[in-house]
Amino acid sequence: MQTVDGVAMADSRHVAVFFGKRHDDGLRAIRNLIAQEPNLGIRDFADTPCVNNQNGKTYPTFLMTRDGFTLLAMGFTGEKAARSIARPRSP
């Protein structure tokens, strides 16, 4: 998690590791979400290429807001996905 202009953002690479997914599968899922609703790309996903320090190559990465993360996680299955979007309800 990192903060950009005061907004908490999750990195697609870290999300993939957390859910035990391949990063390219996560990228495909994000691109599919954006294709379905282009405003998501503006509002909830920031295409932020990452430079690998070891080889100097640039790789695609997305930063996502909490809403973007939630949309992505809903597409994943399993206990971790359910826990990541579950929030305690106010009494």
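The residue from Leu63, Ile30, Thr48, Asp47 that alone fulfils the side-chain contact (heavy atoms from CB on, under 4.5 Å) condition with Ser12 is Ile30.
Here side chain to side chain donor-acceptor pair (under 3.5 Å) pairs that include residues 27-44, with residues two or more places apart or in two chains, are Asp25-Arg28, Asp44-Thr65.
The CE atom of Met9 sits 13.5 Å away from the NE2 atom of His14 when rounded to the nearest 0.5 Å. Distance check: Asp67 CG to Leu72 CG gives 12.5 Å after rounding to the nearest 0.5 Å. Between Phe18 atom CZ and Phe69 atom CZ the span is 6.5 Å, to the nearest 0.5 Å.
Scored by the side chain to side chain contact (heavy atoms under 4.5 Å, CB included) test, Thr58 finds Pro49, Val51 as partners (sequence neighbours excluded).
Here the side chains of Gln2 and Asp11 are in contact, with some heavy-atom distance below 4.5 Å. Two residues are said to be in side-chain contact when any heavy atoms from C-beta on lie closer than 4.5 Å; Leu27 and Tyr59 fail this criterion. By the 4.5 Å heavy-atom criterion applied to side chains, Val15 and Met64 are counted as neighbours.
For the pair Ala73 and Phe19, the tightest heavy-atom approach, listed with the atom from each and the gap, is CB-CZ, 3.9 Å.
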